[in-house]
Amino acid sequence: MKTWRNTQILSLFGIELPIIQAPMAGVGTPQLAVAVARVGGLGSLACALLSPEQVCTAVTSMLTHTTGPLNLNFFCHAPPVSEPHRLSVWQRRIQPYAKALGLPLVSPSTSTPPSSPGVHAFDESFCKVVEQFKPRVVSFHFGLPEASLVARVRATGARIISSATTVDEARWLAGHGCDAIIAMGTEAGGHRGTFLPGELYTQAGTLALVPQIIDAVSVPVIAAGGIADGRGLAAAMMLGASAVQMGTAYLLADEVALPPLHRKAIERSRDDATALTNVFTGRPARAVVNRAVRELGPLAADAPPFPLAGLALAPLRMHSEKGGADDFTPLWSGQAASLAKALPAADITRGIAAEALDLMGVQGMRACK
C-alpha cells in the first residue's frame with residue numbers, strides 16, 4: 001500500500017500525516033490539538049499566554065482524550081528593556097484615540113489591563129512542565145531558550161523544533177540542535193519567528209524560502225505560510241518539505257476559540273486583507289488590516305518593544321469590541337484566510353491530506369480512515 005513518499009517527519013514525530021497544527025496562541029485550544037492528533041496529525045498547544053499551572057491542566061485533559069503525539073509550543077523572547085521615553089512617545093500617539101472615546105490613557109509601564117494577558121517566555125518553571133509530561137515535540141518561537149534549558153528538554157526525549165524566517169536562522173537552529181526546522185514564509189499569520197538581525201522587507205515567501213533552507217541544512221524542513229489546503233501541502237512536499245504547519249486553515253474550525261469579530265474578519269478576507277504590522281505587540285506579525293494597522297502602522301518605528309505596544313491599546317480594544325468594532329483588535333491571520341473552512345478540525349485535516357495525496361498521485365493513504 002502506497003503512502004507518503006517523504007516520511008522523515010512522520011518517523012521523527014510518530015505521526016501518520018505530514019500536517020502540524022500551528023499553536024495559535026489565544027485562539028488555539030486543547031480540543032483543537034486533540035482533534036488533529038486523533039486523525040494522525042501533530043496537535044499543538046500554545047503555551048505563551050498560559051501559566052505553568054494552566055499548561056499542566058490543559059495537557060492532563062488532552063492526554064485523557066488522545067494517545068497521539070503532542071507538541072507544546074513556547075515563546076523564548078528576551079524580556080523588554082525599559083524605555084520610558086519610547087513608551088511616552090507611543091502613549092502620545094494613542095492619546096487622541098483615547099480622548100475621542102472618552103477613555104483615560106493607561107500607562108503600559110505601570111499596569112497590565114485584564115484584556116492583555118502576560119506573554120510568558122520559556123523558563124525553569126515551564127521546563128519542569130516539559131520534564132513532567134515528556135511531550136513528543138517541543139517547539140519554540142523567536143529562536144531557542146538558553147542552552148541549559150534546551151539540554152534539559154532534549155533529555156526528556158522530546159524532538160525540538162523552531163521557526164526560521166531566513167536561511168541564516170535555519171543554519172543557526174540546525175547548529176544549535178534542532179531536530180527539524182519550520183521554514184516560515186512571509187505569508188504566515190501571527191508573529192514572525194525572526195530572532196537574528198535582518199530586515200523584514202527582505203524576507204522570502206514560502207515558495208522561495210523552503211527549497212533554500214532545505215539546501216542549507218541536513219535536518220527535515222517543515223513548510224509554513226500560505227498553506228491551507230491540499231494543493232499547498234502537495235506543493236510543499238514537491239519542494240522537498242517533509243511536512244507543513246498550518247494555522248490559518250484551522251481558524252474557522254469548530255474547536256477554535258475565535259471571537260465573533262475575528263471570525264467575521266476571516267470570513268470576509270481576500271488575498272489582500274492582511275498586512276505585516278507591529279502595532280499590536282511591538283513585533284512584526286501578520287493580521288487582517290483594520291483601523292489600528294492603517295492609522296498607526298502598519299509598521300511603526302516608535303512602537304515599544306514586544307509585548308508592550310499592545311498594553312496601551314488594550315483600553316481602546318475593550319471599548320471598541322463592546323461596541324461591536326474590531327478597530328483595535330489584533331486579527332491574526334495568514335494570507336490564505338479565504339481558504340479556511342468552517343468544519344470540524346478532523347475533517348479539515350483529513351480532507352487536506354486526501355487532496356494532497358490525490359494531487360501527488362499517491363493512493364491508499366492508511367491514515368485517512
Does the D123 side chain pair with the main chain of F126, one donor and one acceptor, at a distance under 3.5 Å? yes

Between OG1 on residue T7 and CG on residue L12, distance to nearest 0.5 Å: 10.5 Å

Can I352 be reached from V244 by stepping across I, L, V, M, F, W or Y side chains whose heavy atoms are under 4.5 Å apart? yes

According to the interplanar angle, ranging from 0 to 90°, do the rings of H191 and F142 count as parallel (below 30°), tilted (30 to 60°) or perpendicular (above 60°)? perpendicular

Show, in sequence, the C-alpha distance, side-chain angles and deciding distance for S44 and Q21, and conclude whether the side-chain contact (heavy atoms from CB on, under 4.5 Å) test is met. CA-CA 6 Å; S44 304; Q21 163 247 320; 4.1 Å; yes

Within the 4.5 Å heavy-atom criterion, are S88 and Q91 side-chain neighbours or not? yes

Side-chain (T281) to main-chain (F306) donor-acceptor, under 3.5 angstrom: no

Of all heavy-atom pairs linking Q335 and R286, the shortest is NE2-NH1, 3.5 Å

Determine whether a donor-acceptor pair (N or O, by modelled atom type, separation under 3.5 Å) exists between the side chain of E355 and the backbone of D229. no

Taking L251 as the starting point, is it possible to reach M246 by hopping between hydrophobic residues whose side chains are less than 4.5 Å apart? yes

Evaluation steps, side-chain hydrogen bond (donor to acceptor under 3.5 Å, both in side chains), between T206 and E187: CA-CA 7 Å; T206 307; E187 302 94 327; 2.9 Å; yes

What one should report as the nearest heavy-atom pair of F195 and E169 is N-OE2, 2.8 Å

Distance-minimising heavy-atom pair for A37 and L70: CB-CD2, 4.0 Å

Looking at every non-hydrogen atom in both residues, tell me the closest pair between R283 and T194 and how far apart they are. NH1-O, 3.1 Å

Using a 3.5 Å distance criterion without hydrogens, assess whether the side chain of H65 forms a donor-acceptor pair with backbone atoms of A35. no

Rounded to the nearest 0.5 Å, what separates atom OH in Y97 from atom CG in D327? 9.5 Å

Looking at M184, is its backbone amide N or carbonyl O close enough to the side chain of R192 to form a donor-acceptor pair, meaning the two atoms are under 3.5 Å apart? yes

Would you find a donor on one side and an acceptor on the other, under 3.5 Å apart, between the side chain of T156 and the backbone of R152? no

Would a hydrophobic clustering, with Ile, Leu, Val, Met, Phe, Trp and Tyr connected at side-chain separations under 4.5 Å, put M237 with V221? no

Gap separating the CD1 atom of I182 from the CG atom of N73, nearest 0.5 angstrom: 7.5 Å

Closest approach of A309 and G282, non-hydrogen atoms and distance? CB-N, 3.5 Å

Salt bridge K341-D347, side-chain N to carboxylate O under 4.0 Å: no

Would you say the side-chain atoms of T329 pair up with the backbone N or O of L331, donor to acceptor, closer than 3.5 Å? no

Go through the steps for F328 and I94 under the test side-chain contact (heavy atoms from CB on, under 4.5 Å), then give the verdict. CA-CA 11 Å; F328 300 96; I94 303 301; over 6 Å; no

Determine, using the 4.5 Å side-chain heavy-atom cutoff (strictly less than), whether L144 and L72 are members of one ILVMFWY cluster. yes

Applying side-chain contact (heavy atoms from CB on, under 4.5 Å) to D179 and R154, what does each step give before you reach the verdict? CA-CA 10 Å; D179 296 294; R154 181 168 300 284; 3.5 Å; yes

If I compare all heavy atoms of V210 with all of A183, which pair ends up nearest, and what's the gap? CG2-CB, 4.0 Å

